[in-house]
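Inspection log for the structure reproduced underneath, given as structure tokens.
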Amino acid sequence: MRALQALLLIVLLAAPTVVQAQLTQSPGPNSPTTKEQVPLYVPQTDKLVGRVSIPDEKLGVLVQPQGREWREFRTRTLQLTIGGFAIGMTAILAAFFLYRGTIRIHGGKAGRLVLRFNGLDRFAHWTTAVSFLAMALTGAILTFGRPLLIPLIGHPAFTALAETSKSIHNYVSVPFIVGLAMIMALWLRDNLPEKSDWLWIKSAGGLFTKAGGKHPEAGRFNAGQKGVFWGIVLGGLGMTATGWLMMVPFAVTGIGGMQILHVIHGLLAAVLIAVVIGHIYIGTIGMEGAFDAMGRGEVDEAWAIEHHRRWYEEQLRKGYVEGRPGGHAGDRQPAE
């Protein structure tokens with residue numbers, strides 16, 4: 001009897017060990033005992049996806065080859081593109097300035113003023129301009145900050161600066177969109193292509209004529225200004241769309257789509273920054289009297305005749321020329 005009890009005890013003690021050995025040697029199809037049976041990731045053709053227990057499956061992406069391409073664009077290609085466009089445009093304008101200098105009003109100022117832009121026009125322009133410059137500056141900090149600013153101010157200071165720049169960049173986009181909508185509503189009709197634009201293009205607007213005074217007849221905006229307008233409008237709409245989609249990540253696209261949006265946004269920024277640099281040059285040191293149009297809303301009569309004769313004649317008929325018959329009450333008389 002004691003022998004039988006001892007035998008049963010031995011069998012009971014040995015059974016778990018035998019079962020465990022069998023499971024280890026011959027695991028079932030759903031056995032969780034080995035790494036091979038429960039892989040940590042699932043290799044696919046273009047990415048490695050981990051196992052997640054939450055509904056958001058995109059968070060399980062561990063490695064995405066396109067992500068490395070995007071990082072290369074973000075940390076190198078975009079910097080070279082924006083820097084190249086900005087420096088290239090600046091170099092071209094510097095060379096042009098050395099060749100042509102400031103484009104002066106041929107024969108000097110007339111001393112009479114013509115209403116060029118009213119208060120609403122100027123508000124729309126400066127709202128768009130200031131907000132774009134703010135976004136360009138903050139975008140440059142985010143793009144060039146790591147290689148340029150961290151060595152100068154350190155990681156903690158750059159972190160705070162980058163976070164502030166991101167917030168400013170996002171919030172300032174709202175007045176930019178408002179300004180963009182306003183300039184479209186106010187100036188779209190005057191920026192439609194017309195036959196006289198081709199004459200302006202063929203002569204390059206007389207910009208390369210050192211003698212001065214030879215500018216093709218133009219309406220309110222010449223072909224060059226129309227090019228800037230459409231560049232700002234179309235580029236601004238593209239940046240608005242891509243920027244909004246990046247502010248609501250994964251709302252309409254996945255990881256790959258977000259990377260493409262960032263690439264488009266960055267390239268549009270590079271082009272618009274170059275266009276705006278050229279616009280600022282012409283509106284300041286590039287052309288005498290040009291800044292007055294957006295500065296105080298009025299330009300000298302000689303400037304208006306020289307650069308926008310057809311538009312000047314329309315303003316003359318409407319009585320918007322200071323000191324001319326039909327001019328507004330209280331206009332100053334021509335300077336002696």
Do V263 and L78 pass the side chain to side chain contact (heavy atoms under 4.5 Å, CB included) test, and can you show the C-alpha distance, the side-chain angles, and the key distance before you say yes or no?
CA-CA 8 Å; V263 170; L78 181 59; over 6 Å; no
Closest non-hydrogen atoms of L161 and I153, given as atom of the first, atom of the second and distance, are CD2-CD1, 4.3 Å
Students often mix this up, so state it plainly: with edges at 30° and 60°, are the rings of H262 and F73 parallel, tilted or perpendicular?
perpendicular
Where does the angle between the aromatic ring planes of F176 and F132 fall among parallel (under 30°), tilted (30 to 60°) and perpendicular (over 60°)?
tilted
Ignoring hydrogens, what is the shortest heavy-atom contact between H308 and G219? Give both atom names and the distance.
ND1-O, 2.8 Å
Donor-acceptor under 3.5 Å (S173 side chain, N170 main chain):
yes
Using the rule that two of Ile, Leu, Val, Met, Phe, Trp, Tyr join whenever any of their side-chain heavy atoms come within less than 4.5 Å, decide whether V299 and L316 are in one cluster.
yes
Nearest-0.5 Å distance, CD1 of residue I183 to OG1 of residue T128:
4.5 Å
Can you give the donor-acceptor pairs under 3.5 Å from side chains of residues 270-292 to other protein atoms, not counting sequence neighbours?
residue	atom	partner	partner atom	Å
T284	OG1	I280	O	2.6
T284	OG1	Y281	O	3.3
E288	OE1	I105	N	2.9

Which pair of heavy atoms, one from P175 and one from S131, lies closest together, and at what distance?
C-OG, 4.0 Å
Q315/K318 under side chain to side chain contact (heavy atoms under 4.5 Å, CB included): CA gap, chis, key distance, verdict:
CA-CA 5 Å; Q315 300 303 100; K318 295 177 181 178; 4.1 Å; yes
When rounded to the nearest 0.5 Å, the distance separating OG1 of T242 from CD1 of I260 is 12.5 Å
Are there over 12 heavy-atom neighbours, none belonging to F144, within less than 6.0 Å of that residue's CZ?
yes
Please check this pair: side chain of N222 against backbone of A218, looking for a donor-acceptor N/O pair closer than 3.5 Å.
no
Row check, W311 ring normal vs R116 NZ/CZ: under 6.0 Å, within 45°:
yes
Just checking W200 against F221, ring centres under 6.0 Å apart?
no
Going from CG on L115 to CZ on R296, what distance comes out if it is rounded to the nearest 0.5 angstrom?
11.5 Å
Excluding sequence neighbours, so at least two apart, what forms side-chain contact (heavy atoms from CB on, under 4.5 Å) with T253?
M258, L261
Do the side chains of W70 and M247 join up, straight or via other hydrophobic residues, at under 4.5 Å, putting them in one cluster?
no
Hey, any chance L234 and F85 share a hydrophobic cluster, counting ILVMFWY side chains that come within less than 4.5 Å of each other, even indirectly?
yes
W244 and I177: CA distance, side-chain angles, deciding distance, side chain to side chain contact (heavy atoms under 4.5 Å, CB included) verdict:
CA-CA 11 Å; W244 181 83; I177 295 172; over 6 Å; no
Quick one: pull up OG1 in T143 and CD1 in I82 and give me the separation to the nearest 0.5 Å.
4.5 Å
So how far is it from D121 CG to M294 CE, rounded to the nearest 0.5 Å?
6.0 Å
Residues 189-201 vs salt bridge (Lys or Arg N to Asp or Glu O under 4.0 Å), sequence neighbours excluded, gives D190-R220, E194-K226, E194-R310, D197-K226
Can you name the nearest heavy-atom pair linking V114 to A304, along with the distance?
CG2-CB, 4.3 Å
In terms of hydrophobic clustering (I, L, V, M, F, W, Y; side-chain heavy atoms under 4.5 Å; direct or indirect links), are L192 and L180 co-clustered?
yes
Sub-3.5 Å donor-acceptor pair from the side chain of R76 to the main-chain atoms of R71, do we have one?
no
Close side-chain approach of T102 to F97, heavy-atom, < 4.5 Å:
yes
Are the side chains of W187 and V233 in contact, using a 4.5 Å heavy-atom criterion?
no
All heavy atoms of A134 vs all of V172, minimum pair found to be CB-CG1, 3.9 Å
Which atoms form the tightest heavy-atom contact between A110 and D300, and what is the distance?
N-OD2, 2.8 Å
Residues forming a side chain to side chain donor-acceptor pair (under 3.5 Å) with R309, sequence neighbours excluded:
none
Qualifying ring pair (Phe, Tyr, Trp, His ring centres under 6.0 Å) pairs with a residue from residues 149-174, counting only residues at least two apart or across chains:
none
Are I92 and F208 connected into the same hydrophobic cluster when the rule is that any two of I, L, V, M, F, W, Y join if their side-chain heavy atoms are below 4.5 Å apart?
no
Can you run down the salt bridge (Lys or Arg N to Asp or Glu O under 4.0 Å) pairs that involve residues 138-154, sequence neighbours left out, and say none if there aren't any?
none
Does the side chain of T77 reach to within under 4.5 Å of the side chain of L80, using non-hydrogen atoms?
no
Quick check for you: to the nearest 0.5 Å, what is the distance between L186 atom CG and H125 atom NE2?
12.5 Å
Using atom types as modelled and distance alone, determine if a side-chain donor or acceptor of W126 lies under 3.5 Å from a backbone N or O of G295.
no
For a side chain to side chain contact (heavy atoms under 4.5 Å, CB included) with W303, tell me which candidate from E301, E306, H307 qualifies.
H307
